[in-house]
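Not measured: the values here are computed from a predicted model.
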Amino acid sequence: MGSKVLPPPGTDESVPSADGGGPTSFRSVVSTLRSDPSGIALVRESLRGLAGVLHPERLTERAVRLPLDSIADVCVLFAGRPGGSPRWTAGVSGRENGGDGVVVRGRWSAETASAAPWLTEGAESGPDAVDLPPGDPAEGLLREVTGREISGQIRVVPLPGLAGAFGALLWYRRYGRFTPSEADLLSEYAERVGSALGSAHLYQYQARTATTLKAALVPEPLPRVDRVELGSSFRSAFEAERIGGDFYEVEDAGDLIHFSFGDVCGKGNDAAVLTGLIRQSLQALRLVETAPLRLLELLNVLLLRTDPEKFSTMVLGTARPLPGGGLRIRAAGGGHPAPLVVGVDGTVREFAPGGIFVGAIEEAVFREAETDLASGEAMVVYSDGVTEARNPLLDGEMLGEERLARLLAECGGMPAPAIADRVAQAVGDWLGGAEHDDITVLVLQAVATPGTS
């Protein structure tokens, strides 16, 4: 059975025109088609009527509605996979149902589809319009959607461009027959529809992939660790479908806390894949090595062998609670902005392990440094999205390291989560709603041992 969908009256279904000259409404396309009943306008207007529609279902509905009243009384689009149950979407002219044109959807069983060899054979023979033999299952479908006995002519044109699938456009004209020139137009229209559907399905696949990768990039919740307070803030890039490469992780290994923070080069899916590779590699390498400097060296070799054109900045380290309170931070640097240590009294000092990008060159030299945090002191690791945030009201001036240091000086004695939130809030205020890179902050703070001051 099919489900009937009335066209949305009064809605603006504007899409970009093919020549970039502004939006073209669905109603204006239909008006043009009706003014040229020869059908020649069909292909010309289909360029605008189908352009920019990247949702396959909406594109299918538009494809079967465009030809109505100009060249056909019913247009049906079939799509499916060999051996399966194909879906069909039918556009029915108002002349057929005695009212407004409608779109009806349904599905054929695999058995019914097997009785229509043109569904799969046509895809192999090319986009040529062919007549259907009497008794074809399509006749029953047309009777269902029109509510009338079938007369006139039925023609079918295969849809190209649907990888791993088959498709076809079926055309029905109640009175008269399609001329040879109109048959050529049907084939050309089918080519355009098939190409547009292929692009729409590819876009949807890429969008789903991007969504999955973006979800995988969201950092895991921070663990609860004795004698260490943790805080973080992660704000992904503002631009639609833009995937950044910031990442951080904290792992409680008993008497030692492992942490990593980095920013991979590039954006998009490639950056997400590289981020996942680094995370998984670190988890595996820590089974045999825990020293930050050696871990960076091993990771550098791995990235070079995987893809020598991809690299990342990174801070990789450990935090060990000290007797009586405090933390001993040992970290190796890979070209990342130096973390800042915030004292309880508001003093701010730089903790700079040094080093160059990880995965950039084979002869990379990494540095390791060590510092102690007294109780209440916090180490703030941040991405360049913080300091490179641009204020649109100040001609794109960046926040910069000096402003960040002054901001952190006001955070002395605040708990780690509050420090992270304060930085994120300040950066957001500075941006004023403008586009930005990932904004990521990780804070490790020494907590006094109970009974000590």
Chemist: Just by modelled atom types, is the E61 backbone N or O under 3.5 Å from a matching donor or acceptor in the R65 side chain?
Modeler: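 No, the answer is negative, given that no donor and acceptor are paired below the 3.5 Å cut-off.
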
Chemist: Between Y189 and I71, is a side-chain contact (heavy atoms from CB on, under 4.5 Å) present by the stated rule, with each step listed?
Modeler: CA-CA 11 Å; Y189 184 73; I71 197 171; over 6 Å; no

Chemist: Indicate yes or no for a side-chain donor-acceptor contact from H436 to the backbone of V386 under 3.5 Å, with no hydrogens or angles considered.
Modeler: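 Such a contact is absent between H436 side chain and V386 backbone.
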
Chemist: How close do A115 and P137 get, counting heavy atoms only, and between which atoms?
Modeler: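 The answer is O-CD, 3.5 Å.
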
Chemist: Under 4.0 Å between a Lys/Arg side-chain N and an Asp/Glu carboxylate O for R294 and E297?
Modeler: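 A salt bridge is present here (some side-chain N lies under 4.0 Å from a carboxylate O).
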
Chemist: With heavy-atom distances below 4.5 Å as the criterion, would you say the side chains of L119 and P86 are in contact?
Modeler: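 Answer yes - side chains close enough.
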
Chemist: Decide whether D438 and S383 meet the rule of one side-chain donor and one side-chain acceptor closer than 3.5 Å.
Modeler: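 No, no side-chain donor-acceptor contact under 3.5 Å.
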
Chemist: Heavy atoms, side chains only, cut-off 4.5 Å: are L399 and L407 in contact?
Modeler: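 No. Closest side-chain heavy atoms not under 4.5 Å.
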
Chemist: Taking G359's backbone N and O only, do any of them form a donor-acceptor pair with N300's side chain (distance below 3.5 Å, no angle check)?
Modeler: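 Pair found, side chain donor or acceptor close to backbone of G359.
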
Chemist: So, for L142 and V74, which heavy atoms are closest and what is the spacing to 0.1 Å?
Modeler: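 So the minimum-distance heavy-atom pair works out to CD2-CG1, 3.7 Å.
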
Chemist: How about CZ on F178, more than 12 heavy atoms from neighbouring residues, nucleotides or ligands closer than 6.0 Å, or not?
Modeler: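 Counting neighbours around CZ of F178, more than 12 heavy atoms of other residues, nucleotides or ligands fall under 6.0 Å, so yes.
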
Chemist: With the side chain counted from C-beta on, respond yes when P337 and T387 share a heavy-atom pair under 4.5 Å apart, and no when they do not.
Modeler: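 Side-chain contact under 4.5 Å: no.
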
Chemist: Kindly say whether S85 contributes a backbone atom to a donor-acceptor pair with the side chain of R107 at under 3.5 angstrom?
Modeler: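 Side chain of R107 to backbone of S85: a pair is present.
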
Chemist: Do the side chains of V228 and D252 get nearer than 4.5 Å, heavy atoms only?
Modeler: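 Not in contact.
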
Chemist: At what distance, to the nearest 0.5 angstrom, does CD of E191 lie from CG of L169?
Modeler: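 Nearest 0.5 Å value for the CD-CG distance: 11.5 Å.
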
Chemist: To the nearest 0.5 Å, what is the distance between CD on E229 and CG on L222?
Modeler: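 So the CD of E229 and the CG of L222 are separated by 10.5 Å.
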
Chemist: How about R62 and V53: do any of their side-chain heavy atoms sit closer than 4.5 Å?
Modeler: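 Yes, their side chains come closer than 4.5 Å.
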
Chemist: As an exercise, state the distance from CG of L282 to CD of E251, rounded to the nearest 0.5 Å.
Modeler: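 Going from CG on L282 over to CD on E251, the span is 10.0 Å.
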
Chemist: So do the side chains of I419 and V441 get within less than 4.5 Å of each other, counting heavy atoms only?
Modeler: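 I419 vs V441: side chains apart.
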
Chemist: Would E182 and R155 count as a side-chain contact (heavy atoms from CB on, under 4.5 Å) here? Give the steps.
Modeler: CA-CA 11 Å; E182 287 175 333; R155 302 216 77 180; over 6 Å; no

Chemist: To the nearest 0.5 Å, what is the distance between OH (Y175) and CG (D73)?
Modeler: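 Y175 OH to D73 CG: 8.5 Å, rounded to 0.5 Å.
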
Chemist: What's the shortest heavy-atom distance between W108 and A116, and which atoms?
Modeler: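 W108 and A116 have their closest heavy atoms at CZ3-CB, 3.9 Å.
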
Chemist: How many angstroms lie between OG1 in T290 and NE2 in H258, if you round to the nearest 0.5 Å?
Modeler: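 It comes to 5.5 Å.
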
Chemist: Atom OG1 in T60, atom CZ in R87: separation rounded to 0.5 Å?
Modeler: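 Atom-to-atom, T60:OG1 and R87:CZ are 10.5 Å apart.
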
Chemist: So, are E220 and R279 salt-bridged, with charged N and O less than 4.0 Å apart?
Modeler: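 Judged by the 4.0 Å cut-off on N to carboxylate O distance, E220 and R279 do not form a salt bridge.
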
Chemist: May I ask you to decide if the ring planes of F357 and F311 are parallel, tilted or perpendicular, using 30° and 60° as cut-offs?
Modeler: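 The arrangement is parallel - the two ring planes meet at less than 30°.
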
Chemist: Between Y248 and T440, does any side-chain donor sit less than 3.5 Å from a side-chain acceptor?
Modeler: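 No pair is found: no donor N or O on one side chain lies under 3.5 Å from an acceptor on the other.
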
Chemist: State, yes or no, whether a side-chain contact exists between I439 and Y382 at a heavy-atom distance under 4.5 Å.
Modeler: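 I439 does not reach Y382 side chain to side chain.
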
Chemist: Hey, does the side chain of S114 reach the backbone of E111 with a donor-acceptor pair shorter than 3.5 angstrom?
Modeler: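 A pair under 3.5 Å: yes.
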
Chemist: Checking L442 against F234 for the side-chain contact (heavy atoms from CB on, under 4.5 Å) test, could you report, in this order, the C-alpha distance in whole Å, the side-chain angles of both residues, the deciding distance, and whether it holds?
Modeler: CA-CA 9 Å; L442 175 66; F234 176 77; over 6 Å; no

Chemist: So, do L170 and W118 sit near enough that their side-chain heavy atoms are less than 4.5 Å apart?
Modeler: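 Sidechains of W118 and L170: in contact.
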
Chemist: State, to 0.1 Å, how close L132 and D136 come at their nearest heavy-atom pair, and which atoms those are.
Modeler: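 Heavy atoms of L132 and D136 come nearest at CD1-OD1, 3.7 Å.
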
Chemist: Are any side-chain N or O atoms of Q204 and backbone N or O atoms of L54, one a donor and one an acceptor, separated by less than 3.5 Å?
Modeler: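 Pair found, side chain donor or acceptor close to backbone of L54.
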
Chemist: Testing the basics here: between F247 and S312, what is the closest heavy-atom pair and its distance to 0.1 Å?
Modeler: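 Smallest heavy-atom distance, with atoms named: CE2-OG, 4.0 Å.
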
Chemist: Under the side-chain contact (heavy atoms from CB on, under 4.5 Å) rule, what do L230 and L444 come out as? Steps first, then yes or no, please.
Modeler: CA-CA 5 Å; L230 301 171; L444 290 84; 3.8 Å; yes

Chemist: Taking all atoms of both residues into account, what is the closest heavy-atom pair of L299 and M314, and its distance?
Modeler: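 Between these two residues, the closest heavy atoms are CD2-CE, 3.5 Å.
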
